[in-house]
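Below, all heavy atoms of this structure are taken into account, side chains as well, without hydrogens, waters or symmetry copies.
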Amino acid sequence: MTQHNIEQLKQLFPNVFTEGKIGFDALKAELGEQIETDSERYQFTWAGKEQAKRIATTPSLGTLRPAPDESVNWDTTENLYIEGDNLEVLKLLQKSYFGQVKMIYIDPPYNTGKDFVYKDDFKDNLANYQRLTGQKDEEGNPLFTNSDSAGRYHSNWLNMMYPRLKLARNLLRDDGVIFISIDDNEVHNLRKICDEIFGERNFVASFIWNTEGNTDNQYEVKVNHEYIVCYIKDKREISDGIGYVIDPNTEEGSNLWKGYADNNINKNSPANPPALIELPKGFPSSVENLFYPKKILDDKFFSETRKDKFISEKVKLEYSLEPKSGLPVKVDDMIIEKGLLKQACRIYVGTANKNKLLGACRTNQTIIC
């Protein structure tokens, strides 16, 4: 993995390498003002973080041993089941599955103070795994849970999670997604650690799923939900990575089921002042065929509507804008054939969410005009 990162760096900045080594002064010069040197800056850290980073990059000491006698349809199956220390297995999978996995789901310890969070020993992960799965140390003494009274309660959990998430990210394709089950105990730290490993912009959603809850204490607030946190390797691949997701409990008549952005246009009020937006050629429409001629507009039209921050009834009459179909105003001829715009068309419209409408333009999401 370390060598892969070095090769990527060579592709970007070949001049910072001297005799195979990285010249950090040269790299800093290339990065310019993007270097952060102030010790007081926004960052997420904990006791043991640097060691957790090193564990993620140390090579595997193990190997996978096939077990045909314990398998089903050994010669024809396309499935793979691996038993072992998950950190060691993730390292072994790097060789064959780097950048190839479409979806990962993990259900880590929630760090409730009762579940088991163990320390990694990269010198002998196999022996470490055998001790830990037996809940006893090398002398046969019981191993303890990560009690919330421990001095490094959250740090212990983060040190376990960091290298595994780092290695899991390496396995994902650019449109690959990871789903992580968690509850209120560590969801805040999980978001922070994933923001660092996957990048804040690659956060997709925190899905909430209902559980029966904990009824141990009737005097406390009853929590009946947990979370599934989702990140994608590269948010630019979101349409292929996760598609169009809707809560199945959404009411049948909701606009969310329609799959088009008609709620983002025709907001004709001072709260949503009009602006020019270009719909690209090939943009889909809910109408199969349509020809709508452009409106004849002048500087006075744009000056007055921008001053008022909406299109008044007086302006509609003056420029012959139909009460309903006249909005959004077509600045170019709108020609739709077989459900697609034949040529780019500018519209003048106030929107509740301009960025969302522009996003619909980029992803070819259907829109009613």
Side-chain angles (χ1 to χ4, degrees), residues 1-5 8 42-60 62 82 84-112 115-122 125 128-129 132 146 152-207 209 226-235 237-238 241-242:
M1 184 180 66
T2 301
Q3 187 59 40
H4 174 79
N5 293 337
Q8 285 190 317
Y42 180 78
Q43 58 184 325
F44 181 48
T45 189
W46 63 90
K49 182 177 181 180
E50 292 306 313
Q51 174 71 356
K53 288 182 177 180
R54 287 192 291 270
I55 287 174
T57 59
T58 54
S60 168
I82 303 174
D85 174 74
N86 49 30
L87 178 61
E88 191 74 6
V89 170
L90 283 167
K91 290 182 179 182
L92 290 169
L93 291 178
Q94 304 291 311
K95 301 172 184 177
S96 301
Y97 294 95
F98 190 93
Q100 298 185 46
V101 175
K102 174 68 175 177
M103 191 272 282
I104 296 173
Y105 169 74
I106 63 174
D107 186 11
Y110 284 9
N111 209 20
T112 60
D115 48 10
F116 184 63
V117 175
Y118 61 84
K119 297 180 180 179
D120 293 304
D121 179 1
F122 62 85
N125 273 341
N128 190 44
Y129 169 73
L132 297 174
N146 190 37
R152 292 184 173 178
Y153 171 64
H154 293 293
S155 292
N156 290 340
W157 186 84
L158 289 165
N159 286 328
M160 182 194 68
M161 293 295 293
Y162 188 94
R164 289 161 175 80
L165 290 173
K166 186 79 172 178
L167 292 164
R169 182 187 182 276
N170 294 339
L171 296 175
L172 290 175
R173 305 177 345 186
D174 285 345
D175 63 347
V177 290
I178 184 169
F179 297 90
I180 309 164
S181 287
I182 202 69
D183 70 1
D184 285 325
N185 287 285
E186 292 290 358
V187 65
H188 53 297
N189 282 328
L190 178 64
R191 282 289 308 274
K192 290 175 184 176
I193 199 173
C194 285
D195 282 347
E196 178 170 323
I197 292 172
F198 294 92
E200 287 185 59
R201 75 184 187 93
N202 294 317
F203 170 71
V204 176
S206 284
F207 298 98
W209 66 282
E226 295 179 5
Y227 309 92
I228 300 178
V229 177
C230 178
Y231 281 78
I232 189 169
K233 179 79 169 284
D234 187 342
K235 193 70 170 282
E237 306 289 337
I238 188 84
I242 197 167

Next item on the list: Sorted by first residue and then second, give each salt bridge (Lys or Arg N to Asp or Glu O under 4.0 Å) pair with at least one member in residues 180-192; sequence neighbours left out.
Entry: none

Next item on the list: Starting at SG of Cys230, measure out to CE of Met103 and round the result to the nearest 0.5 Å.
Entry: 9.5 Å

Margin query: Please give me the minimum heavy-atom distance between Pro163 and Ala52, naming the atom from each residue.
Written below: CB-O, 3.8 Å

Item checked: Test item: Phe44 and Asp195 side chains (from C-beta on) under 4.5 Å apart, heavy atoms -> no

Next item on the list: Considering non-hydrogen atoms only, spot the tightest contact between Gly48 and Asn159 and give its length.
Entry: O-OD1, 3.0 Å

Item checked: Least distance between heavy atoms, Trp157 atom then Asn111 atom -> CB-ND2, 3.2 Å

Next item on the list: Output yes when a side-chain donor or acceptor of Trp209 lies under 3.5 Å from a complementary backbone atom of Ser181, and no otherwise.
Entry: no

Notebook entry, point to check: So Arg169 and Val101, side chain to side chain contact (heavy atoms under 4.5 Å, CB included) or not? Walk me through it.
Noted result: CA-CA 9 Å; Arg169 182 187 182 276; Val101 175; over 6 Å; no

Item checked: Side-chain donor-acceptor contact under 3.5 Å, Lys166 with Thr57 -> no

Next item on the list: Measure across Ala168 and Ile104 and return the closest heavy-atom pair with its distance rounded to 0.1 Å.
Entry: O-CD1, 3.5 Å

Notebook entry, point to check: With distance as the sole test, does Asn170 use its side chain to make a donor-acceptor pair with the main-chain N or O of Lys91 at under 3.5 Å?
Noted result: no

Checklist line | Separation between CZ of Arg164 and CD1 of Ile180, rounded to the nearest 0.5 Å | finding: 13.0 Å

Check: Going from CD1 on Ile178 to CD1 on Ile232, what distance comes out if it is rounded to the nearest 0.5 angstrom?
Finding: 12.0 Å

Check: Nearest 0.5 Å, what's the CD1-CD1 distance between Ile228 and Ile106?
Finding: 11.5 Å

Note to self: I'd like to check Leu165 versus Tyr231 (side-chain heavy atoms, cut-off strictly below 4.5 Å). Are they in contact?
What the structure shows: no

Notebook entry, point to check: Which distance, rounded to the nearest 0.5 Å, do you find between the CG of Leu92 and the CG of Leu87?
Noted result: 10.0 Å

Notebook entry, point to check: Given side chains that start at C-beta, do those of Phe179 and Val204 come closer than 4.5 Å, heavy atoms only?
Noted result: no

Note to self: Quick check for you: to the nearest 0.5 Å, what is the distance between Asn156 atom CG and Trp46 atom CH2?
What the structure shows: 12.0 Å

Checklist line | Side-chain touch Lys233/Asn202, heavy atoms, less than 4.5 angstrom | finding: no

Next item on the list: Quick one: list whatever passes salt bridge (Lys or Arg N to Asp or Glu O under 4.0 Å) with Glu200, sequence neighbours left out.
Entry: none

Note to self: How close do Gly99 and Arg173 get, counting heavy atoms only, and between which atoms?
What the structure shows: O-CG, 3.4 Å

Next item on the list: Return the orientation label for the His154 and His188 ring planes: parallel under 30°, perpendicular over 60°, tilted otherwise.
Entry: perpendicular

Next item on the list: Using the test side chain to side chain contact (heavy atoms under 4.5 Å, CB included), find all partners of Leu93 that sit at least two apart in sequence or belong to another chain.
Entry: Ile82, Val89, Tyr97, Leu171

Note to self: Would the distance check show the side chain of Lys49 and the main-chain N or O of Leu158 forming a donor-acceptor pair, the cut-off being under 3.5 Å?
What the structure shows: no

